[in-house]
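In what follows, every heavy atom counts, from backbone to side chain, and hydrogens, waters and symmetry copies are set aside.
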Amino acid sequence: MTSDPRYPPAPARHGRPPAPVSVTQRRAPARPKPNFFAAIALVCGLAAVAVAFAASYNYLAWPLAGIGLILAIVGLVQAGRGVMRGRGLAVIGLLVSVAAALLSGAMLLFPAAFGSAGSIELHLPPVPGDQHSVDFVVTSTGGATVRYGTLNDQRTDSALPSTDQWHGKASYNGGAPILSLTADSSNAGVSNQISCSIVVDGKTVAENSGTTIALCTANVG
């Protein structure tokens, strides 16, 4: 009795094997993140430009511009490393922050050129109705020449030899004037003790003393 010939079992049919994954596909770099440093830098720069024209808040322009400048540089570094995108936005934030810093500096040094001289002008003598009062005070046992006001606008007077105080009155109506008071001995051959102080709204904001000269400065807001 013959038996049927044995044939090897047919191989199981499977689908096609998946295409091999290349090394490039396995190691594809992640997409760079949004550059939030650049975005915040641009916002700070624009805010600095805006407050530079506000007489009561222009002192905030410098710190805002500084923060914007630092964040813009960080954003440029991150974009250069490929960690974040938005290099162009970082450049814009940098330029706006630098422009804001230059603008606020120019407005502080040359307020008349921007039509803002009146907002930070120190009135000598004081003007009724101004928000802030200023009292320049000097004591000089041997007499002194006194110069008082701001860095750009000063008056000159003489303090007689006395232990009594000499007073120079002024006022301003906003902004941040840089107040200055200098008292120096009118006779270098005489022993002298000079003291100076600047009082704003009843509060002493600067004081100094010396034997031949006394210098007081204050940046008030």
Side-chain angles (χ1 to χ4, degrees), residues 15-122 130-132 134 149-153 172-180 198 200-201 203-206 215-221:
R16 292 183 178 180
V21 179
S22 66
V23 176
T24 304
Q25 290 175 329
R26 289 198 303 266
R27 299 181 180 178
R31 186 182 180 186
K33 301 177 182 179
N35 200 329
F36 59 89
F37 290 109
I40 299 176
L42 180 58
V43 172
C44 289
L46 293 175
V49 172
V51 300
F53 290 95
S56 300
Y57 302 98
N58 54 10
Y59 63 92
L60 295 175
W62 281 100
L64 284 172
I67 294 173
L69 182 61
I70 294 173
L71 292 178
I73 294 174
V74 174
L76 282 173
V77 172
Q78 295 297 318
R81 293 177 177 176
V83 178
M84 294 181 174
R85 58 182 183 270
R87 179 181 177 85
L89 184 62
V91 172
I92 295 175
L94 178 65
L95 295 177
V96 172
S97 298
V98 171
L102 295 176
L103 174 64
S104 58
M107 293 183 70
L108 179 63
L109 296 176
F110 309 103
F114 296 89
S116 58
S119 63
I120 62 173
E121 181 181 0
L122 184 70
D130 277 357
Q131 296 179 3
H132 306 283
V134 181
T150 65
L151 295 178
N152 299 325
D153 183 16
Y172 65 99
N173 198 31
I178 301 177
L179 305 177
S180 174
I198 300 176
V200 177
D201 297 333
K203 180 181 179 181
T204 301
V205 296
L215 173 63
C216 293
T217 58
N219 189 349
V220 296

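- Across W62 and A101, no two heavy atoms sit closer than the pair CH2-O, 3.8 Å.
- Listed here is the closest heavy atom pair of A65 and A48: N-CB, 3.8 Å.
- The two residues M84 and P34 come nearest to each other via the heavy atoms SD-O, 3.8 Å.
- Remark: L69 engages I73, L94, S97, V98 in a side chain to side chain contact (heavy atoms under 4.5 Å, CB included) (not counting sequence neighbours).
- Under the rule for a side chain to side chain contact (heavy atoms under 4.5 Å, CB included), the partners of C216 that lie at least two apart in sequence or sit in another chain are L181, C196, I198, A206, N208.
- Taking the side chain as every heavy atom from C-beta outward, T150 and I178 never approach each other to under 4.5 Å.
- In terms of the side chain to side chain contact (heavy atoms under 4.5 Å, CB included) criterion, residue partners of L95 (sequence neighbours excluded) are, by chain and number, V91.
- Here the straight-line distance linking atom CZ of F36 with atom CG of L71 works out to 9.0 Å at 0.5 Å rounding.
- D130 pairs by the side-chain hydrogen bond (donor to acceptor under 3.5 Å, both in side chains) definition with H123, S171, not counting sequence neighbours.
- A90 and A72 get closest at one heavy-atom pair: O-CB, 3.7 Å.
- Scanning all heavy atoms of the two residues, the minimum distance from H132 to D201 falls at ND1-OD2, 2.8 Å.
- From I67, atom CD1 reaches atom CD1 of I40 across 10.0 Å, with rounding to the nearest 0.5 Å.
- Remark: D153 pairs with R155 by the salt bridge (Lys or Arg N to Asp or Glu O under 4.0 Å) rule, at least two apart or across chains.
- Summarising the geometry of L60 relative to V51, their closest heavy-atom pair is C-CG2, 4.1 Å, with the distance given to 0.1 Å.
- Taking A79 as the reference, N35, R87 meet the side chain to side chain contact (heavy atoms under 4.5 Å, CB included) condition, with sequence neighbours excluded.
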